[in-house]
Amino acid sequence: MEQADVIIVGAGHGGAQAAIALRQNGFEGRILVIGREPEIPYERPPLSKEYLARDKTFDRICIRPAQFWEDKAVEMKLGAEVVSLDPAAHTVKLGDGSEIGYGKLIWATGGDARRLSCMGADLKGVHAVRTKEDADRLMAELDAGAKRAVVVGGGYIGLEAAAVLTKFDVSVTLLEALPRVLARVAGEALSEFYQAEHRAHGVDLRTGAAMDCIEGDGTKATGVKMQDGSVIPADIVIVGIGIIPCVGPLLAAGASGGNGVDVDELCRTSLPDVYAIGDCAAHANDFADGAVIRLESVQNANDMATTVAKCICGTEAPYKATPWFWSNQYDLRLQTVGLSTGHDNAVLRGDPATRSFSVVYLKNGKVIALDCVNMVKDYVQGKKLVEARAQIAPEQLADASVPLKEMLA
């Protein structure tokens, strides 16, 4: 049977970084990366931003050129899927029935785009933006003349896609079921700002919007029917309602988990010699007061990958990284540090009308997160406040004339 010292399942950010970090930490054994997609590892955030907007070609979003992986002796088995594993035998089984043995296994599969469950969800013209294939299919429809788009979901993927579509003279309607966009990840001030920005750019943005189903002509989507009976005509429908972590084979093999797979501070699952990293890894996070969460971010995937690589190479360095995220919409760059979930106060720093401001989130008087719009200094300096759980008076934080670094004693 074929054998690898380390098998990495998943060729996204986490999987790629795990391979890189193993070599950086002196690992000399055989590394095999197994990925479902046919492409070498590439960056996913640009799929709903620069790649969809045609600002970057695929070669510019590859994490490393093909030659890099060859030079580092990192083998790629692409277009292949692990469907099961035998933790006792230390083997994985692929969709074609073949089996490969491993010494250590790193599960870095991320998640699949959550699909609508309503009638018409499977019609042509209904898109996710999770893979290169998704983005290419969507771009092909735009090239073919699609001019009316409905975006379902007011999270970052939906908002970013809506922003890009306006560049192509597409009529965009965005539907968010909750009372405001970004409701799960940001405070009201940020939500209101982005709602106003999208409307100013011509997006028909509707909150509290309850859809019923997707209508079609038998094969292709033609519109979105709302619960009030009205129909929004559509040539394309983009669905951005989150992901479902790809952990089925791990759970079937007996790994602890549910919404993702549970890992400890070294990203070890409950299965021997099996680690999990990135979007699919449920972990106790210090920035969430120790709550077990999944973090869907490049930062989390990369930092967990480094933790695992060091562990395999003999150095135990528990995962303690500060969470950070970003989003590009129009000419706005949003940078977030920390986790605002559970905040009891949100301090506005600067004037949103200038399109350059920050929101500082507090919990029990301590700084837990910042959302910074076109405010790089606040983002950089605010990170230290978050890490220190700094206790600063709200009126002091609100004074944008005073740099945040001067507030840290």
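Please read these numbers as outputs of a predicted model, since none were measured by experiment.
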Pair Leu250-Thr109, side chain to side chain contact (heavy atoms under 4.5 Å, CB included): steps then yes or no: CA-CA 11 Å; Leu250 283 185; Thr109 52; over 6 Å; no
Could you tell me if the side chain of [Y] sits less than 4.5 Å from the side chain of [X], heavy atoms only?
X      : Y      : answer
Val170 : Asp235 : no
Leu182 : Leu159 : yes
Ile243 : Arg114 : no
Val359 : His343 : no
Tyr156 : Glu296 : no
Glu50  : Ile61  : no
Leu78  : Glu39  : no
Asp289 : Lys363 : yes

Donor-acceptor check, side chain of [X] to backbone of [Y], threshold 3.5 angstrom: yes or no?
X      : Y      : answer
Ser340 : Ile368 : no
Arg206 : Leu175 : no
Arg23  : Lys72  : yes
His283 : Ile293 : yes
Ser191 : Arg180 : no
Ser48  : Glu160 : no
Arg268 : Val274 : no
Arg148 : Ser171 : no
Asp273 : Lys104 : no
Glu81  : Gly95  : no

Surrounding [atom1] of [X] (heavy atoms of other residues, nucleotides or ligands, distance under 6.0 Å), is the total greater than 12?
X      : atom1 : answer
Lys124 : NZ    : no
Lys147 : NZ    : yes
Lys132 : NZ    : yes
Asp344 : CG    : yes
Asp122 : CG    : no
Lys366 : NZ    : no
Gln67  : CD    : yes

Going from [atom1] on [X] to [atom2] on [Y], what distance comes out if it is rounded to the nearest 0.5 angstrom?
X      : Y      : atom1 : atom2 : result
Met407 : Gln381 : CE    : CD    : 9.0 Å
Asp262 : Cys267 : CG    : SG    : 12.0 Å
Arg349 : Cys372 : CZ    : SG    : 9.0 Å
Ile8   : Ile277 : CD1   : CD1   : 7.0 Å
Ser117 : Ile241 : OG    : CD1   : 7.5 Å

Determine whether the aromatic ring centres of residues Tyr42 and Tyr51 are separated by less than 6.0 angstrom. no
What heavy-atom pair brings [X] and [Y] nearest, and what distance separates the two atoms?
X      : Y      : value
Leu116 : Ala121 : O-CB, 3.3 Å
Ala309 : Ala18  : CB-O, 4.2 Å
Ala253 : Pro87  : O-CG, 3.8 Å
Gly290 : Ala284 : O-CB, 3.6 Å
Met1   : Gly101 : SD-N, 3.6 Å
Gly216 : Leu123 : CA-CD1, 3.7 Å

Below 4.0 angstrom, N of the basic side chain to O of the carboxylate: do [X] and [Y] qualify?
X      : Y      : value
Arg137 : Glu141 : no
Glu75  : Lys77  : no
Arg30  : Asp5   : no
Arg44  : Glu37  : yes
Arg64  : Asp71  : no

side-chain hydrogen bond (donor to acceptor under 3.5 Å, both in side chains) for Tyr361 and Asp371? Distances and angles first, verdict last. CA-CA 8 Å; Tyr361 299 96; Asp371 282 324; 2.7 Å; yes
Apply side chain to side chain contact (heavy atoms under 4.5 Å, CB included) to the pair Ile312 and Ile106, showing each step before the final yes or no. CA-CA 10 Å; Ile312 290 174; Ile106 303 174; 3.9 Å; yes
Modelled atom types, side-chain donor and acceptor of [X] and [Y], under 3.5 Å:
X      : Y      : result
Asn374 : Arg355 : no
Thr131 : Asp134 : yes
Tyr319 : Asn300 : yes

Start with the C-alpha distance between Leu404 and Leu370, add both sets of side-chain angles, then the distance that settles side chain to side chain contact (heavy atoms under 4.5 Å, CB included), and finish with yes or no. CA-CA 11 Å; Leu404 289 174; Leu370 288 89; 3.7 Å; yes
For a side chain to side chain contact (heavy atoms under 4.5 Å, CB included) check, start with the C-alpha distance between Ile63 and Phe68, then their side-chain angles and the critical distance, and finish with the verdict. CA-CA 10 Å; Ile63 292 173; Phe68 171 88; over 6 Å; no
Where does the angle between the aromatic ring planes of Phe357 and Phe193 fall among parallel (under 30°), tilted (30 to 60°) and perpendicular (over 60°)? perpendicular
For Thr322, run the side-chain hydrogen bond (donor to acceptor under 3.5 Å, both in side chains) check against Lys384, Lys383, Glu387, Gln299 and tell me which one passes. Glu387
Identified side chain to side chain contact (heavy atoms under 4.5 Å, CB included) counterpart of Val151 within the set Leu174, Asp204, Val203, Ile157: Leu174
